[in-house]
Structure formats: structure tokens, C-alpha cells
Amino acid sequence: MAQTVDVVVVGGGIIGSSIALFLAESGIKNIVLLEKRFLAAGSSGKSGAILRQHYSHPVTVGMARESLLFYASFKEQWGHDIGFRRPGMVLLTSHDQQDQLKQNVQLQKSLGVQTEVLDRRGLQEIEPRGEFPEDSIGAWEPEAAYVQPVRTVFAMTEAAR
């Protein structure tokens, strides 16, 4: 083991482990990841780890899109299974928020997100067991996914190693 290090990363959650991974990928060899308890001990280990693109600002949509692509290809790129699953997601809204939801969907579509507004009938096709009021609408995002958060943190640190 080296007596000196090039970089010390503090925090063994998803941010710290991804920093370590990208530093290692850039060619830095002597990286130390410090965590006072254990990997994924904090909020990363308790996350729902939902990967969605339904946001109302172009920058946030773009960041979410890049993240989704990153996690979707993680196993292929680094050989570690992070529990990536793509069940899609429906975001339901109250009646007074329907115009905003429609605007968000238009923005997302303009940025390449596969999404659409569904009425009650469309929502019931997605989830036949659901009970939706007559005037319901929701945004369907079939690309939405999730990962297993603890497994992902450990996979990133292993890939960085």
C-alpha cells in the first residue's frame, strides 16, 4: 500500500463512491475513500434510488437523463450488477396541477425523454388494479428505472478499486 495518496474522498455514499470511480477511471491511482461508519451507511443506503426524468427545468432533465443512461449501462461497462430495473413510472397529479404536468411533459419530450400524458383510460391500461377519478391524468415515463442503492455503492467502490 502506498505511503502517500493523490486524493482523499470523504464519504462512502453514492457521491463519494462515484467520485472515487471517476477519479480512478481518469487514471488517478492512489485514492482513499474514507467513511466513518460503513459504505452506504447514510442516506444513500436508505434511498429509493429512483431514476426518473420528470422534472420542470431543462438542466435537471438533462442531468437525470445522463444519470439514467449511466446506470443503465453500468453492468455492461464495469461488470457489476447494481440491480438495475426499468418498470417505468407514472406521475399522477391533482386537478389544479394538470396544466403544469402537461407543460413538463412537453419540455421533457423536447429534450428527448420518452413520456406522454395519459387520461384515466390510459392510466388503467398501465395499472388495471388502479382506481382513478374520471378527470385523472398522469405522466407516463416508460424509461424510468431504479437500482438497488447499497449494491450500487459497493459496485462503484469495487469498480474504482
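- When side chains are defined from C-beta on, Tyr146 does not count as touching Leu51, because their heavy atoms never get closer than 4.5 Å.
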List the steps and the verdict of side chain to side chain contact (heavy atoms under 4.5 Å, CB included) for Gln97 and Gln100.
-> CA-CA 5 Å; Gln97 296 293 312; Gln100 184 63 52; 4.2 Å; yes
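- For the residue pair Asn104/Gln108, the side-chain donor-acceptor check at 3.5 Å is not satisfied.
- Counting only heavy atoms from C-beta outward, the side chains of Leu21 and Phe74 approach each other to under 4.5 Å.
- Side-chain contact between Val61 and His57 is absent, with no heavy-atom pair separated by less than 4.5 Å.
- Here the side chain of Arg65 pairs a donor or acceptor atom with the backbone of Gly112 at under 3.5 angstrom.
- The shortest heavy-atom contact between Leu107 and Tyr55 is CD2-O, 4.1 Å.
- The shortest distance between side-chain heavy atoms of Leu118 and Glu125 does not fall below 4.5 Å.
- Minimum heavy-atom separation, Gly138 to Leu101: C-CD2, 4.0 Å.
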What's the verdict on side chain to side chain contact (heavy atoms under 4.5 Å, CB included) for Lys109 and Val113, showing C-alpha distance, side-chain angles and the deciding distance?
-> CA-CA 5 Å; Lys109 283 181 159 187; Val113 175; over 6 Å; no
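- Taking all atoms of both residues into account, the shortest heavy-atom contact from Pro58 to Leu111 is CA-CD1, 3.7 Å.
- Side-chain polar atoms of Gln53 and Glu141 form a donor-acceptor pair below 3.5 angstrom.
- Distance check, rounded to the nearest 0.5 Å: OG of Ser136 to CG of Asp119 gives 9.5 Å.
- By the 4.5 Å heavy-atom criterion applied to side chains, Phe70 and Ser18 are not counted as neighbours.
- When the side chains of ILVMFWY residues are joined at heavy-atom separations under 4.5 Å, either directly or via intervening members, Leu69 and Met156 end up in two distinct hydrophobic clusters.
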Steps toward side chain to side chain contact (heavy atoms under 4.5 Å, CB included) verdict (Asp6, Ile31) | CA-CA 6 Å; Asp6 297 317; Ile31 304 165; 5.9 Å; no
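- Scanning all heavy atoms of the two residues, the minimum distance from Ala160 to Ala24 falls at O-CB, 3.5 Å.
- Summarising the geometry, atom OG1 belonging to Thr93 is positioned 7.0 Å from atom CG belonging to Asp96; distances are rounded to the nearest 0.5 Å.
- Listed here is the closest heavy atom pair of Ala139 and Val105: CB-CG2, 3.7 Å.
- Ile137 CD1 to Leu123 CG: the interatomic distance, rounded to the nearest 0.5 Å, is 8.5 Å.
- Between the side chains of Glu158 and His80, not a single donor N or O lies within less than 3.5 Å of an accepting N or O.
- Taken from CE in Met63 to OG in Ser67, the straight-line distance is 7.0 Å, to the nearest 0.5 Å.
- Residue Ile126 places its CD1 atom among more than 12 non-hydrogen atoms of other residues, nucleotides or ligands, all under 6.0 Å distant.
- For the pair Phe154/Arg151, no side-chain contact is recorded, criterion being any heavy-atom separation below 4.5 Å from C-beta on.
- Counting only residues at least two apart or in different chains, ring-ring contact (aromatic ring centres under 6.0 Å, His included) contacts with residues 98-127 are absent.
- Linking ILVMFWY residues whenever their side-chain heavy atoms come closer than 4.5 Å, directly or via other members, places Leu33 and Ile28 in the same cluster.
- Within the structure, side-chain hydrogen bond (donor to acceptor under 3.5 Å, both in side chains) contacts touching residues 34-52 (residues at least two apart or in different chains) do not occur.
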Test log, rule salt bridge (charged side-chain N to carboxylate O under 4.0 Å, His left out), inputs Arg86 and Glu143 | CA-CA 6 Å; Arg86 192 186 300 265; Glu143 295 176 308; 5.0 Å; no
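- Atom CD of Gln114 and atom CH2 of Trp140 lie 9.0 Å apart (nearest 0.5 Å).
- By the rule that hydrophobic residues join a cluster once side-chain heavy atoms approach within less than 4.5 Å of another member, Leu91 and Val117 end up as members of one cluster.
- Judged purely by atom type and a 3.5 angstrom limit, Ser17 has no side-chain atom pairing as donor or acceptor with the backbone of Gly12.
- In the hydrophobic clustering of this structure, Leu34 groups with Val5; members are Ile, Leu, Val, Met, Phe, Trp, Tyr whose side-chain heavy atoms approach within less than 4.5 Å, directly or through other members.
- Side-chain contact between Leu68 and Phe84 is present, with heavy atoms from C-beta onward closer than 4.5 Å.
- Residues Val153 and Gly13 approach most closely at CG2-C, 3.9 Å, considering heavy atoms.
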How far apart are the C-alpha atoms of Val90 and Glu127, what are their side-chain angles, what is the distance that settles it, and do they pass the side chain to side chain contact (heavy atoms under 4.5 Å, CB included) test?
-> CA-CA 9 Å; Val90 171; Glu127 180 48 72; over 6 Å; no
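- Contact annotation: the side chain of Val7 never approaches that of Asn30 to less than 4.5 Å [non-hydrogen atoms, C-beta and beyond].
- Note that CD of Glu134 is 10.5 Å distant from CZ of Arg121, once rounded to the nearest 0.5 Å.
- Partner of Val9 under the side chain to side chain contact (heavy atoms under 4.5 Å, CB included) criterion, out of Ile15, Leu23, Thr157: Leu23 alone.
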